[in-house]
Structures are given as structure tokens and as C-alpha cells.
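A short write-up of the structure that comes next.
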Amino acid sequence: MNTFGNIYRLTSFGESHGPGIGGVIDGCPAGIELDTAFIQSELNRRKPGQSKITTPRKEDDEVQFLSGIYEGKTTGTPIGFIVWNKNQHSADYDNMKSVYRPSHADYTYQTKYGIRDPRGGGRSSARETIARCVAGAIAKLALRQKGIRIQAFTSQVGNIKLNGSYTDYDLSKVEDTAVRCPDPAVAAEMEALIAEVKSKGDTIGGVITCVAQGVPVGLGEPVFGKLHAALGHAMLTINAVKGFEYGDGFEAALYRGSERNDRFFNDNGHINTHTNHSGGIQGGISNGQDIYFRVAFKSVATILMEQETVNMEGEDTILKARGRHDPCVLPRAVPIVESMTAMTLLDYLLIQKVRQ
């Protein structure tokens with residue numbers, strides 16, 4: 001499947017070293033003012049070469065809209081767009097054409113399709129997420145009209161992590177650091193660790209935390225359309241994601257109901273809760289509290305070190321990869337997590353609108 005969503009849908013296309021990456025957005029409401037500067041700024045947050053701790057590949061990643069927009073507003077018809085690739089170094093992958101990178105999609109793609117594009121990983125490359133950021137930026141603009149705000153940030157790199165809750169930090173400072181962590185001191189430690197790992201030709205993983213505020217009560221469908229299941233699916237489609245938990249997550253297994261139940265109270269005529277261990281979702285439906293969750297990313301599979309592997313003939317061999325790769329995906333993955341969140345929430349808002 002190359003299409004995401006139910007009503008607000010994105011179909012993406014393109015490969016890392018092909019002519020470009022693009023998509024078609026269907027189901028977008030008409031009349032949304034497209035802030036093209038904002039959309040480009042979202043792509044700039046994702047693009048390569050933005051700091052010393054990301055891949056040095058240089059791409060402008062300028063989006064070109066092809067349809068669905070008139071006089072700066074969406075028309076309700078399909079929105080077509082493309083971002084042209086301009087800085088491919090395909091020769092860097094010549095030594096990987098017949099060799100499988102450990103923990104990469106090389107082997108599974110080759111076995112499934114009988115053919116693969118080895119240049120930059122082809123369709124399995126995280127460069128595909130350009131399309132998600134465009135669709136996510138438009139979804140964010142639509143959500144703004146409903147007072148819904150989304151902010152993600154790097155909360156852990158390796159064994160270095162933020163302590164406490166997201167409420168303990170000023171999330172407006174996320175963009176102040178290269179690693180996109182709201183605590184400057186912790187961010188400096190994270191960046192030093194990534195730089196150390198990069199100098200050795202290795203990679204490292206971490207965790208991104210995301211918060212959605214202003215989400216109304218009632219989003220989410222019974223049983224198989226639960227909101228947290230939709231968010232989990234959205235996150236697990238992102239390259240290198242290995243885990244998802246919302247609210248207390250796995251920590252909830254340690255406590256009794258008397259310790260962790262979110263107790264209701266009358267808050268000047270409005271129903272509120274004293275705590276938010278549920279992460280803003282109860283019974284699969286949003287309850288009006290902040291929705292927060294964590295997404296675990298593994299270390300990038302392509303490392304610039306010798307590794308034992310096999311070739312397409314099944315023969316044991318040694319691979320030392322070349323090319324330009326992120327030592328840690330976290331800084332550039334923050335806007336991708338936000339984009340997938342925005343698309344999911346807008347989609348479920350539209351589903352709720354149809355129901356009503």
C-alpha cells in the first residue's frame with residue numbers, strides 16, 4: 001500500500017535516487033488557505049544537510065504544487081505535488097547492488113519483488129517521507145482552524161534522555177537545538193553522543209515524544225478504529241520505527257487501578273480529569289485531554305563499518321557501506337512524526353464530521 005488515510009488520503013511515489021518524490025492528496029477540505037512558506041519550512045525541518053549531526057546530502061527540497069489549489073486556497077480536488085531530487089550520488093551504492101545490508105530492507109525487497117533499486121535504498125529510503133511532510137503540513141493548516149496544535153521533540157538518544165513529563169519543558173524551544181530537544185543541556189549531551197558515533201562510522205537510535213493539544217472529545221471509532229491504534233499504525237509506517245506507546249504505555253503494567261485511574265471532577269461546569277495517565281484517549285476515543293505518545297527509532301542500518309553479510313547468491317561476504325547517511329534519524333524524524341499525527345487527526349476529524 002502506498003496510500004495512507006481514509007478520507008484525508010495521501011498516495012506517495014518516488015525513490016531516493018529517482019527524478020523526484022511526490023504525492024497526491026485526496027479528501028482535503030476546500031477553502032484552506034495554503035501558507036506555502038509554512039509548508040516549505042516544514043520540509044526544511046526534514047531536509048538533509050541541515051546540521052553537522054545529519055547526512056551531508058544537500059537538497060533544497062522545494063515543493064512544486066501541480067493541482068488542487070486556486071488563488072492560494074484548496075479547491076477540494078486532488079492536490080498533486082512533487083519535489084525534484086538534485087543531489088544524488090548513485091555510484092556510492094555500486095558495491096551494494098548484489099549485497100544485503102544487515103537489518104536493512106535490501107533482502108526483503110529483493111525476495112518479495114525479485115528486483116530492487118539499490119540506489120539509496122530506492123523506495124525503502126526515508127526520502128519518501130518528503131511526501132508525508134507536505135501532506136502533514138497541509139493537515140496542520142487545517143487543524144489550526146480547529147485550535148489543534150502538534151509538537152514533537154527528541155526525548156532520548158541512546159542512553160541520554162529527558163527526565164519527567166513533557167509538561168516539565170518549554171516546547172517552544174524545540175527548534176533551538178540541532179537535535180530538537182527542548183532542554184539545551186541535555187541536547188548538548190545528545191549532540192556530542194551523535195557526533196562521537198558518527199566519527200566511528202556507526203549509528204544510534206532514540207525516542208521521539210509527540211503531544212497533540214486541543215483535540216476535541218470523540219475522535220476515534222469503536223473496536224477496530226481506535227484512535228490510538230490509528231496513531232500507532234501511522235508511526236509504525238515511518239522508517240526505522242520499532243515501538244509505539246501512548247499515555248503511561250508499558251509503565252501502566254506496574255500500577256494498580258487505584259494508583260493510575262484518571263479521576264473525573266467538575267471543573268467550573270466542564271468535565272475534567274485530575275491526571276492524564278490515559279494519554280488523552282480512553283476506550284480508543286479522545287477525551288479532550290492532551291494526547292501524548294512516544295515513538296522508538298532504531299539505529300540506522302547503513303553503517304560505514306565492515307559487517308558480515310551475504311550476497312544475492314547466498315555467499316558469505318564482508319560489506320563496508322559508502323555514501324551519505326544519518327548517524328541518528330531523530331532530528332529529522334521529528335517533523336515526520338508530527339506530519340503523520342496531523343494527517344491521522346485530520347482524517348479522524350473528517351470521519352467524525354461525516355458521522356454527525
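Here the side chain of E189 pairs no donor or acceptor atom with the backbone of E191 at under 3.5 angstrom. Distance alone, capped at 3.5 Å, is enough to place a donor-acceptor pair between the Y8 side chain and the A135 backbone. Here the side chain of N266 pairs a donor or acceptor atom with the backbone of G269 at under 3.5 angstrom. Under a 3.5 Å cut-off, the side chain of R116 and the backbone N or O of K97 do form a donor-acceptor pair. A donor-acceptor contact shorter than 3.5 Å links the side chain of T309 to the backbone of Y100. Checked by atom type and distance alone, the side chain of T341 never pairs as donor or acceptor with a backbone atom of A212 at under 3.5 Å. A donor-acceptor contact shorter than 3.5 Å links the side chain of Q110 to the backbone of G114. Looking only at distances, a side-chain donor or acceptor of N276 sits under 3.5 Å from a matching main-chain atom of G279. Looking at S67, its side chain does come within 3.5 Å of a backbone N or O of G80 through a donor-acceptor pair. The main-chain N or O of G280 is never found under 3.5 Å from a side-chain atom of S278 such that the two would form a donor-acceptor pair.
Criterion: ILVMFWY side-chain heavy atoms under 4.5 Å apart, direct or through other members. Under it, L171 and V186 are part of a common hydrophobic cluster. Residues I25 and L350 fall within the same hydrophobic cluster, defined by Ile, Leu, Val, Met, Phe, Trp and Tyr side chains chained together at heavy-atom separations under 4.5 Å. A single hydrophobic cluster is seen to contain both L219 and F4, as judged by linkage of ILVMFWY side chains at heavy-atom distances under 4.5 Å, directly or through other members. Placement of V241 and F250 in two distinct hydrophobic clusters is found when ILVMFWY residues are connected by side-chain heavy-atom separations under 4.5 Å, directly or transitively. Neither V99 nor Y107 shares a network with the other; the hydrophobic side chains, linked directly or stepwise wherever heavy atoms of I, L, V, M, F, W or Y lie under 4.5 Å apart, form separate groups for each.
Under the 30°/60° scheme for interplanar angles, the aromatic rings of Y166 and Y292 are found to be tilted. Note: H228 and Y246 have parallel aromatic rings, judged against thresholds of 30 and 60 degrees for the angle between ring planes.
A 4.5 Å side-chain heavy-atom check between L231 and I281 finds at least one atom pair inside the cut-off. P331 places a side-chain heavy atom less than 4.5 Å from the side chain of V179. L143 is listed as a side-chain neighbour of I150, based on a closest heavy-atom distance under 4.5 Å. Looking at I39 and L141, their side chains come closer than 4.5 Å, going by heavy atoms from C-beta outward. Residues M190 and T154 are in side-chain contact: their nearest non-hydrogen atoms beyond the backbone lie under 4.5 Å apart. Residues R180 and E175 form a side-chain contact, since some pair of their non-hydrogen atoms from C-beta on lies under 4.5 Å apart. Side-chain atoms of I208 and F297, non-hydrogen and from C-beta on, do get closer than 4.5 Å to each other. For the pair D26 and T77, the minimum side-chain heavy-atom distance is 4.5 Å or more.
Annotation for I115: atom CD1 does not count as buried by contact number, only 12 or fewer foreign heavy atoms lying within 6.0 Å. At most 12 heavy atoms of other shown residues, nucleotides or ligands fall within 6.0 angstrom of atom CD in E308. The number of heavy-atom neighbours closer than 6.0 Å to NE2 of H274, taken from other residues, nucleotides and ligands shown, is above 12. Within 6.0 Å of OH on Y70 lie no more than 12 heavy atoms contributed by other residues, nucleotides or ligands. Within a 6.0 Å radius of NZ in K298, more than 12 heavy atoms belonging to other residues, nucleotides or ligands are found. The 12-atom threshold is exceeded at CG of L236, counting heavy atoms of other residues, nucleotides or ligands nearer than 6.0 Å. Within 6.0 Å of NZ in K173 there are 12 or fewer heavy atoms belonging to other residues, nucleotides or ligands.
R256 and N261 share no donor-acceptor pair across their side chains, judged by distance under 3.5 Å alone. With hydrogens and angles left out, the side-chain atoms of D290 and Q213 include a donor and acceptor closer than 3.5 Å. A donor-acceptor pair shorter than 3.5 Å cannot be found between the side chains of S339 and R132. Judged purely by distance below 3.5 Å, without hydrogens or angles, the side chains of N272 and H270 never pair a donor atom with an acceptor atom. Side-chain N/O atoms of D262 and T275 include a donor and acceptor closer than 3.5 Å. Looking at N44 and Q40, their side chains do bring a donor and an acceptor atom within 3.5 Å of each other.
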Check residues 28-38 and write down every donor-acceptor pair under 3.5 Å in which the side-chain atom is one partner and the other belongs to a residue at least two apart or another chain.
| unit_1 | atom_1 | unit_2 | atom_2 | d |
| --- | --- | --- | --- | --- |
| D35 | OD1 | A37 | N | 3.2 |
| D35 | OD1 | F38 | N | 3.1 |

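For the atom pair CE of M235 and OG1 of T237, the computed distance is 7.5 Å after rounding to the nearest 0.5 Å. Here the straight-line distance linking atom SG of C328 with atom CG of D202 works out to 11.5 Å at 0.5 Å rounding. The OG atom of S199 sits 12.0 Å away from atom CD1 of I194, with the distance rounded to the nearest 0.5 Å.
Of all non-hydrogen atoms in I204 and L193, the two that sit nearest each other are CD1-CD2, 3.7 Å. Considering all non-hydrogen atoms of both residues, C133 and L43 come closest at CB-CD2, 3.9 Å. Pairing each heavy atom of L10 with each of G23, the nearest pair is CD1-CA, 4.4 Å.
Ionic pairing of E338 and K140 is present here: one or more N-O contacts between side-chain nitrogen and carboxylate oxygen are shorter than 4.0 angstrom. Classification of E245 and R294 as a salt-bridged pair holds, one side-chain N sitting under 4.0 Å from a carboxylate O.
When each of R46, K86, K47 is paired with D61, the salt bridge (charged side-chain N to carboxylate O under 4.0 Å, His left out) condition holds for R46 and for no other.
Relative to the ring axis of Y255, R260 places its NZ or CZ within 45° and under 6.0 Å from the centre.
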